[in-house]
Amino acid sequence: MSSSYIEISRKALAKNIRFLKQIVGKDTVISSVIKGNAYGHGIGVFAPLVEACGVRHFSVFSIDEAATAYRFLSKDSHVMIMGHIDDCELEWAIARGVSFYIFDVGRLEASVAAAKKLGIPARIHLELETGLNRTGLEGQDLDRAVDVVKANRDCLQVDGVCTHYAGAESIANYWRIKRQIETFTEVCSTLERTGIRSSVKHTACSAAALRYPETAMDMVRFGIAQYGYWPSRETRMQYFLGCEEKERPIGRDPLRRVLTWKSRIMDVKRVGPGQYVGYGNLCLTSRAQKIATVPVGYFHGFARALSNLGYVLVHGRRAAVLGFVSMNIITIDITHLGDVERGDEVVILGKQGRNEITVSSFSEMSRNLNYEALVHIAPEIPRVAVD
Ligand SMILES: *Cc1c(COP(=O)(O)O)cnc(C)c1O
């Protein structure tokens, strides 16, 4: 048996998707972003649950993720690759109707060749450079791409025109985002004048859709929010301020965490005063203490930076991590907890009783982003769907 496991909550997910649908309205498609092993939730378990909520569009970063998603999704779902593909992998994508971003003319020409060879049109999204300065077509490259598209209408299907924002979760980037929105709109009009019309314009990630409603357009690529996390504390605050301004009651958090990471107590023992616990001398007992070991360590994604800082939940109460996080083990303080026995449930992330270990507490202490802490949870840990 595995030393820890992860529960994925159907109900929490369904609630998040309902909330996000309400945010974007019924005319905007939701694309579920499942890159990074579905932000650590596990593509194989997570993607079918999203499908069960009525979502039929999925975004991944690369061809290997697309292949995994493709295996677990039903036939009527669509997979879109936002990032990396080698030219030699284009045929795989085209043959399966998987769409992909075009941000350089080379890939576009290779797509034309592959599509001609297969006799199947390549489904593409033209990614526009609007200010993120990572990938995206602009200037002469964009003009050349337009020429290639116009000359190859029979083997290219423009599924979308898109871009990505440079940090919509922070007000510090306000003007940069606003400029990106303007640039996108201008370039889209130019494209339409030259005869490139796409039915689907998509630019927004979670933060953009929540904070700049005009970015939702025809489709939103929701990542972090569908898993039940706000993109930043600011986004969350802004949402609640918005409720206040509209004189709506500020209810409970509309987003519910989908993931709970659990393990069990491996061993329990007493340590006298003046003893060091674990490697080295990070933790010195000041009194007689009861400690327990939990078979989870930095190998599994429990950040080493949480040494002597983090908490887990046992019997619904917090228990502090003592000393260094090891590769496979943490030691916790259970002095205050009464009878804890081997095999008792430990919650590493998520709720137990009335308490919760949030990813943000987990990650702020280790100065990680939500995103980073989630994707560091080892893929080998079994994921199971629960209600
Ligand atoms: C990851 C990603 C998203 C989703 O971002 P969230 O902040 O998790 O909602 C959207 N678009 C692109 C291009 C991405 O890479």
Side-chain angles (χ1 to χ4, degrees), residues 13 16-17 19-21 23-24 28-41 43 46-47 50 55 57-66 69 78-85 98-103 124-137 159-171 173 177 180-181 184 200-213 215-236 238-239 254-255 257-259 359-360 363 368-377:
L13 175 64
N16 297 341
I17 300 284
F19 170 67
L20 297 176
K21 277 185 181 157
I23 291 282
V24 299
T28 299
V29 172
I30 288 184
S31 180
S32 166
V33 180
I34 50 170
K35 66 189 182 199
N37 196 28
Y39 291 43
H41 290 60
I43 288 192
F46 187 77
V50 182
V55 174
H57 198 286
F58 292 83
S59 300
V60 297
F61 175 73
S62 54
I63 198 104
D64 50 319
E65 290 177 345
H78 180 74
V79 179
M80 173 177 87
I81 301 173
M82 305 181 291
H84 186 259
I85 317 178
V98 169
S99 65
F100 47 88
Y101 279 26
I102 293 291
F103 43 76
I124 60 168
H125 298 257
L126 295 175
E127 187 188 10
L128 306 182
E129 176 59 73
T130 57
L132 176 61
N133 291 319
R134 235 169 40 176
T135 50
L137 294 159
D159 267 13
V161 177
C162 55
T163 196
H164 191 45
Y165 297 110
E169 69 285 350
S170 170
I171 194 72
N173 303 324
I177 305 299
Q180 282 191 275
I181 299 170
F184 184 79
V200 182
K201 293 194 185 89
H202 55 101
T203 67
C205 56
S206 305
L210 289 161
R211 296 199 54 173
Y212 304 84
T215 63
M217 304 182 194
D218 303 307
M219 181 165 85
V220 173
R221 306 180 303 259
F222 275 117
I224 198 81
Q226 65 175 328
Y227 302 100
Y229 304 95
W230 293 90
S232 63
R233 265 195 281 183
E234 235 178 84
T235 334
R236 178 192 166 108
Q238 196 76 26
Y239 173 76
L255 293 177
R257 265 61 67 198
V258 170
L259 173 151
V359 181
S360 51
S363 47
N368 266 345
L369 287 173
N370 273 348
Y371 299 77
E372 198 179 342
L374 285 169
V375 299
H376 278 165
I377 304 174

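Remember, it's 1-based here, ligands and their atoms both numbered in the order they're listed.
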Between Thr215 and Ala208, is there a donor-acceptor pair closer than 3.5 Å when you use the side chain of the first and the backbone of the second? yes
Looking only at protein heavy atoms, which one is nearest to atom 11 (N) of ligand 1, and what is the separation? Arg221 NE, 2.9 Å
Just distances here: any N/O of Gly223 and N/O of ligand 1 closer than 3.5 Å? yes
Before signing off on this row, confirm whether Ala204 and ligand 1 have an N or O atom pair separated by under 3.5 Å. no
Proximity of Met82 to ligand 1 by residue part, where a heavy atom lies under 4.0 Å: side chain
Measuring from non-hydrogen atoms of Phe61 to any atom of ligand 1, is the shortest distance under 4.0 Å? no
Can you report which non-hydrogen protein atom sits closest to atom 9 (O) of ligand 1, along with the distance? Ser206 OG, 2.5 Å
Mark yes or no for whether Ser170, through its side chain, and Gly167, through its backbone, hold a donor-acceptor pair below 3.5 Å. no
Aromatic plane relationship, Tyr227 with Tyr39 - under 30° parallel, 30 to 60° tilted, over 60° perpendicular: parallel
Is a side-chain donor or acceptor of Ser206 paired with a backbone partner of Phe222 at a separation under 3.5 angstrom? no
Once you restrict to heavy atoms under 4.0 Å, what part of Glu169 touches ligand 1? Side chain, backbone, both or neither. neither
Nearest neighbour of atom 12 (C) of ligand 1 from the list Glu127, His164, Arg134, on a heavy-atom basis: His164
Considering all heavy atoms, the nearest Asp159-Val200 contact: O-CB, 3.3 Å
Under the 3.5 angstrom rule, does the side chain of Thr203 hit a backbone N or O of Thr163 as a donor-acceptor pair? no
Give the residue and atom name of whichever protein heavy atom lies nearest to atom 2 (C) of ligand 1, and the separation in Å to one decimal. Lys35 NZ, 2.5 Å
Using 30° and 60° as the class boundaries, would you call the ring planes of Phe19 and Trp230 parallel, tilted or perpendicular? perpendicular
If you measure from each non-hydrogen atom of Tyr39 to ligand 1, which part falls under 4.0 Å: side chain, backbone, both or neither? side chain
Among non-hydrogen protein atoms, atom 7 (O) of ligand 1 lies closest to Tyr371 OH, 2.8 Å
Measuring from Ser32:OG to Arg221:CZ, what's the distance to the nearest 0.5 Å? 13.0 Å
Which residue and non-hydrogen atom of the protein lie closest to atom 5 (O) of ligand 1, and at what distance in Å? Cys205 CB, 3.4 Å
